[in-house]
Amino acid sequence: MPLAFKSLMKESEKEKNSRIVLALDITAEDPEKIFWKSMLILEKVHEYICALKINHHLILPLGLFNGVRKILDRAHKFGLPTIMDCKANDVGHTNRVIAENYFKAGFDALIANPFVGWEDGLQPIFEIAKEMDRGVILLAYMSHKSAWEGYGQSIYDPTTGKIKPQYVVFAEKALLWGADGVVAGATYPEKIKEIHTTLKGLIPIYSPGIGVQGGRIRETLAAGAHYLIVGRSIINAEKPSETAKKFRDLANNFIGKI
Ligand code: XMP
């Protein structure tokens, strides 16, 4: 079971006194502006966050081994673990190449989609993560409106003969496969609760959807989420550092860390 990434996050959480993961989803007219805006936001908020999550917003315009690698280096200099939100979702040999590239560029973990299954699906990602001492975070229930269409389906579990929600089975798979984290949307606290019960506190829940998408810090933490992923509410704020501090303090007040 790859413990390295989980420990890295724990250390960072302690060091920064924060459970906020910044989703650095910067958009601008051209790649140069995206790069400098990303660096500026990182500079402004690094002391209030415990990790950096990057998405295709940066990978596509900046390139993995060009602009993105520089941003990862900067994040690491600030002591921040980095997560690639690629929701890896392909067949095994392609998944391996995807993961290898993200890890070579410096990402400490990536997000993968358990819908593809284990054999010839996510197994190669877990293998390469173990070889390179990196983390794998699995989706269980997404934050958007139509998440119920896939993650919320009732499915027949052939191992037990029972009907279960898809997201509960994904949480069970996270335990079985030794995932370092599970993603459950802040917009569905009742689903977070069920996933948290299934995980028995053994795997931390990362929750996106705080702020713009409607998720609330208190409910999300109370339901059992550990890390809060926040993007637009911070990066588009008039004062990103004050807003990041506010999110951090709200979370810390709730968990009694201040
Ligand atoms: P906002 O701006 O809404 O950004 O705070 C949220 C970030 O999180 C990503 N996101 C998800 N990632 N599972 C994931 O792995 C999800 O259910 C999910 N919902 C949102 C989103 O892409 C953005 O980077």
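Counting starts at 1 for both ligands and their atoms, following the listed order.
Interface of R232 with ligand 1, defined as ligand atoms under 4.0 Å from a residue heavy atom, comprises 1 (P), 2 (O), 3 (O), 5 (O). Within ligand 1, counting atoms from 1 as listed, the ones closer than 4.0 Å to a heavy atom of I111 are 15 (O). Ligand 1 places these atoms under 4.0 Å from at least one heavy atom of K87: 11 (C), 12 (N), 13 (N), 14 (C), 15 (O), 22 (O). Numbered from 1 in the order shown, with element, the atoms of ligand 1 that lie under 4.0 Å from a heavy atom of Q213 read 3 (O), 6 (C), 20 (C).
At a heavy-atom distance under 4.0 Å, no atom of H144 approaches ligand 1. Contacts of L139 with ligand 1, taken as heavy-atom pairs under 4.0 Å, involve the side chain alone.
For atom 24 (O) of ligand 1, the choice among L24, V21, D85, D25 with the nearest heavy atom turns out to be D25.
Of the polar atoms of N55, at least one N or O is found under 3.5 Å from an N or O of ligand 1, judged by distance alone. Between G231 and ligand 1, an N or O atom pair is found at a separation short of 3.5 Å. The N/O atoms of H57, backbone and side chain alike, include none that comes under 3.5 Å of an N/O atom in ligand 1.
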Run E131 and R96 through salt bridge (charged side-chain N to carboxylate O under 4.0 Å, His left out) and show every step you take.
CA-CA 12 Å; E131 277 167 40; R96 190 180 167 93; 3.4 Å; yes
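The closest donor-acceptor contact from the side chain of H76 to the backbone of L72 lies under 3.5 Å.
For T187 against S143, the heavy-atom pair with the smallest separation is OG1-O, 2.7 Å.
If you check the side chains of Y206 and D180, you find no donor sitting under 3.5 Å from an acceptor.
Side-chain contact between R134 and F107 is absent, with no heavy atoms from C-beta onward closer than 4.5 Å.
Put simply, no part of V212 is less than 4.0 Å from ligand 1, judged by heavy atoms.
Listed by first then second residue, pairs satisfying salt bridge (charged side-chain N to carboxylate O under 4.0 Å, His left out) with a partner in residues 102-113 number zero, not counting sequence neighbours. Applying the salt bridge (charged side-chain N to carboxylate O under 4.0 Å, His left out) test to residues at least two apart or on different chains, the pairs with a partner in residues 63-79 are E43-R74.
Of all protein heavy atoms, the one lying nearest to atom 18 (C) of ligand 1 is P208 CG, 3.3 Å. In terms of protein heavy-atom proximity, atom 20 (C) of ligand 1 is nearest to S143 OG, 3.3 Å.
We find the CH2-CD distance between W148 and Q153 to be 9.0 Å, quoted to the nearest 0.5 Å.
Shown here is W36, whose CH2 atom has no more than 12 heavy atoms of other residues, nucleotides or ligands within 6.0 Å.
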